[in-house]
There are 2 protein chains.
Amino acid sequence: MSKGTITCRIPVRLGDRSYPIVIGQRTLLGLPEALDFVAPSSRIAVVTSPSLYRLYGEALVEALKEAGFQAWWAQTPDGEEHKTLESAARLYDQFVEHRMERRSLVIALGGGVIGDLAGFVAATYMRGVPFLQVPTTLIAQVDSSVGGKVAVDHPRGKNLIGAFYQPRLVWIDVATLLSLPEREYRAGIAEVLRYGVIASPELFQLLEERMEVVLRRDLNVLAQIVAKSCAIKARIVEEDETESGVRATLNYGHTFAHAIEAATGYQRFRHGEAVAIGMVCAAAMALQRGLVSQEFAERQRRILEAAGLPTACPEEVEPHALLEAMRLDKKVSAGKIRFIVPREVGRVEIRDDFTDSEVIAAIRATYR
Amino acid sequence: MSKGTITCRIPVRLGDRSYPIVIGQRTLLGLPEALDFVAPSSRIAVVTSPSLYRLYGEALVEALKEAGFQAWWAQTPDGEEHKTLESAARLYDQFVEHRMERRSLVIALGGGVIGDLAGFVAATYMRGVPFLQVPTTLIAQVDSSVGGKVAVDHPRGKNLIGAFYQPRLVWIDVATLLSLPEREYRAGIAEVLRYGVIASPELFQLLEERMEVVLRRDLNVLAQIVAKSCAIKARIVEEDETESGVRATLNYGHTFAHAIEAATGYQRFRHGEAVAIGMVCAAAMALQRGLVSQEFAERQRRILEAAGLPTACPEEVEPHALLEAMRLDKKVSAGKIRFIVPREVGRVEIRDDFTDSEVIAAIRATYR
């Protein structure tokens, strides 16, 4: 069976917690060969959902067994509503049942929910066992699988219970994106565009020029944009592992996005869609203050629309309800809400001096 | 009100996770003054049980408020049976309710159960908020509050869900030991004796010579033995924060102890009592192999008995059941059980080459 083609290898340098991101095309079943370098033990839990098990998990578990590992499927439901302490508890139970030890390996196979949940369980089972991220959605490949943020949700806030716990390896096969539903795929593009705005005019321009090819999911272009995104994320995480400074810029669009998701009960928008709206809000707020040009705001809106992403806050959501939700965000410090605002393509800044009325005006500015 | 007398300050040097252990007599209410150096925020959760709140918590919360902090009582039940993910979940709820932020401070006021639980919640709430240990039992003062091991239990194993997460400060007031029930206090002495065996002939001898004064809970002697114990623990933790090597020696007596506790449903023995029996088992096993002298084994048994601690495994517990329980321990690697065995007072070694029949013979050797 083919082991695919590795496109590139991006190091994440964090001292004794360093690891590589390996990006390739159709490389999923090449993973067992790479494991000699990361796994000291033979027991491996592949944490994934029933549907992903059928798509990729079963073949991966078989390939691991053929390579001599004692691999098994740790079953977990997918979907944000299952990213809970209860799901974590059920994984702990399975780990005990299968006698997972301190040196046993956890592989998170799936999107952001599974990566965050499995990562949290790996971080806390026996005070931490090694784990790998094998992300299968665009949003997970370019964002959540890299950087060691793991968590489960609390009824009152997303990712409220978690840890900083780095994986030993991030293994990305962009071919897994071919099975993504269209809407989920497009939502991931919002996160890629965000990297363009915060750090890379080149990536932003690439997406402007080649959006059609991107939407067709050409594997070469996919490998390229995933690699560029991961490289940006890796540099930022290296500089600020626990988000005390520059890492916060990754939250561009996210302060609004989290509030929009919370205010709409996490049902109406996919995370990436909320991020797209959040980016438009942030740009509107910066524009009001004269921090960014009208041209930037329009350019950003055009490319988001080209990706088929929403760009307007739903009018039936009370702006004051969004403000209230923002105050519950983890990033709030001494009651002040921190925003990331754009200055130009490739440059953003962190500010906490916006008034409530500026925030509300920005939300309203996105209505049509 | 008197702020008591600080006896000594022991640094735990762990790079950017360094912190001091401050030991004193009647210093509990002096804590607010020390906080300027550790707490960047004004909101403080004092996690403690109803009974400890009445004894010490209420006065501490009041003192914190007087010093200008927004302190509040995060209520949690005490007792090993409550060291669960469910108790953690109830603390997360309270933290959200009280709008605890990333820079808010958690103070764990209590014994090992509260320290481990509050520490785990601090480690995972918003991916980690600063916390302090204010241990009020002997076992917590000399052991569990130092070193950053935090955890909750799983039905199938103690401390199975946890993290390595260092406190910002350990604040020890040995006067809090005056309110400990006799049996709990004596159980703590087992842990102190353990330090003697693994690292300090002086401490061992001090206890042999002054056991009566120790049992009388003379505050000066208490401050002395707590300080010596903490200093040993600090050095070991500095050398091996995440227990990949020498830190394992702290588990002297504990492999047997955990199994004895599990096999007796955590009801019959206090942890320190099980450790006392475990130390006798470990010495018996070492003696069988000729690794330690008969004289050592007898000397250890005498001092444990002088402290009123049990030294015999209960005969009705099947030795094979203990072996089975040991195999479930976190320290098991590739099925091998790791034991810490004594060589002489002040020196132990880590071995994983004991046969099942040696283990069983050692258990039986403790019967009378």
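Every chain is numbered from 1 and lettered A, B, ... according to where its sequence line falls, protein lines coming before strand lines. All figures in this text were calculated on a predicted structure; none of them were measured in a lab.
When heavy atoms are compared at a cutoff of 4.5 Å, A/Val152 does not approach chain B at all. For A/Ala89, the parts lying under 4.5 angstrom from a heavy atom of chain B are both the backbone and the side chain. With a 4.5 angstrom heavy-atom cutoff, A/Phe120 touches chain B only via side-chain atoms.
Comparing B/Thr242, B/Val121, B/Asp93 by how many heavy-atom pairs each has under 4.5 Å with chain A, the most go to B/Asp93.
Using cut-offs of 30° and 60° on the angle between ring planes, the pair B/Phe256 and B/Phe339 is tilted. The aromatic rings of B/His258 and B/His271 sit parallel, their planes meeting at an angle under 30°, below the 60° perpendicular limit.
Ion pairing between a basic and an acidic side chain is recognised when a charged N comes within 4.0 Å of a carboxylate O; B/Arg127 and A/Glu243 show no such pairing. A salt bridge links A/Glu241 with A/Arg17: the closest approach of a Lys/Arg side-chain nitrogen to an acidic carboxylate oxygen falls below 4.0 angstrom.
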